[in-house]
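Shown next, in structure tokens, is the structure this report addresses.
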Amino acid sequence: MRQAGMYSGILSGKTGPHSLPLSRIKKIMKQSGEEVKMISCEAPLVFAKACELFIEELTARAYKMTVQGKRRTLQKEDIAAAVSATDVFDFLVEMVSASVGDVAGEAAEASGGAFGELTDKD
């Protein structure tokens with residue numbers, strides 16, 4: 001039987017521990033549908049590498065937005081801007097915009113925002 005370490009080295013160019021937990025990836029894969037019953041030991045490795053590449057690409061694009069904003073700290077808004085500016089990330093637009101909207105709403109509530117000044121005058 002082949003060992004996961006062998007495939008790990010092929011996919012990432014290194015052997016050893018992965019930055020993403022393979023057990024969690026396998027659990028997500030199994031939760032994707034009832035028809036997924038068996039998963040080979042290589043499949044989570046491929047997904048782990050794909051996730052790493054996805055995170056690296058999105059981070060690089062978001063950091064460009066951070067630099068454009070003349071900051072050094074990558075923020076949620078930078079990720080939202082990167083997602084909006086990149087067609088390949090269109091599947092994330094709704095999730096990221098809702099998430100950024102939640103943060104904006106919480107900030108408005110904390111500072112007394114637009115609705116903080118309204119009172120019940122009955």
Side-chain angles (χ1 to χ4, degrees):
M1 184 167 154
R2 297 178 182 172
Q3 294 184 3
M6 179 177 151
Y7 290 99
S8 171
I10 292 171
L11 293 173
S12 65
K14 62 180 181 179
T15 57
H18 299 278
S19 59
L20 298 172
L22 297 178
S23 61
R24 179 69 179 131
I25 292 170
K26 193 170 185 176
K27 185 176 182 179
I28 292 168
M29 290 171 70
K30 285 186 176 184
Q31 291 174 347
S32 67
E34 289 183 17
E35 55 278 347
V36 179
K37 295 186 188 328
M38 301 278 293
I39 298 170
S40 72
C41 65
E42 298 91 7
L45 294 169
V46 174
F47 272 101
K49 185 62 180 176
C51 289
E52 288 175 17
L53 294 172
F54 172 76
I55 292 167
E56 287 174 7
E57 181 66 23
L58 184 54
T59 302
R61 290 176 186 266
Y63 190 70
K64 287 180 184 178
M65 300 298 173
T66 303
V67 171
Q68 288 176 0
K70 297 182 178 158
R71 292 177 281 109
R72 287 195 239 176
T73 304
L74 192 140
Q75 299 174 350
K76 189 181 282 191
E77 294 79 15
D78 300 320
I79 297 168
V83 166
S84 297
T86 309
D87 291 341
V88 80
F89 296 137
D90 280 348
F91 69 99
L92 294 173
V93 169
E94 289 178 20
M95 188 212 51
V96 172
S97 61
S99 179
V100 171
D102 291 344
V103 170
E106 290 170 5
E109 286 177 18
S111 65
F115 298 108
E117 299 167 301
L118 296 177
T119 58
D120 189 15
K121 296 188 180 190
D122 290 339

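Note that the structure is predicted; figures quoted are calculated from it, not measured.
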Could you grab the distance from atom [atom1] of [X] to atom [atom2] of [Y], nearest 0.5 Å is fine?
| X | Y | atom1 | atom2 | value |
| --- | --- | --- | --- | --- |
| Ser84 | Asp90 | OG | CG | 8.5 Å |
| Glu56 | Cys51 | CD | SG | 11.5 Å |
| Lys26 | Ile39 | NZ | CD1 | 6.0 Å |

Report whether [X] and [Y] are members of the same hydrophobic cluster (ILVMFWY, side-chain heavy atoms less than 4.5 Å apart, transitive linking).
| X | Y | answer |
| --- | --- | --- |
| Ile28 | Met95 | no |
| Ile79 | Leu92 | yes |
| Phe54 | Tyr63 | yes |
| Leu22 | Val36 | yes |
| Leu53 | Val46 | no |

More than 12 foreign heavy atoms under 6.0 Å from CD of Gln31: is that the case here?
yes
Ala48 and Leu20: which non-hydrogen atoms are nearest, and at how many Å?
O-CD1, 3.7 Å
Smallest heavy-atom separation, Ala82 atom then Leu58 atom, equals CB-CD1, 4.3 Å
Do side-chain atoms of Lys70 reach the backbone of Val67 as a donor and acceptor pair under 3.5 angstrom?
no
Side-chain (Thr86) to main-chain (Val83) donor-acceptor, under 3.5 angstrom
no
Electrostatic pair Asp78-Arg71, nearest N-O below 4.0 angstrom:
yes
Within the 4.5 Å heavy-atom criterion, are Glu57 and Phe89 side-chain neighbours or not?
yes
Show the numbers, then the answer: is there a side chain to side chain contact (heavy atoms under 4.5 Å, CB included) between Gln75 and Thr66?
CA-CA 7 Å; Gln75 299 174 350; Thr66 303; over 6 Å; no
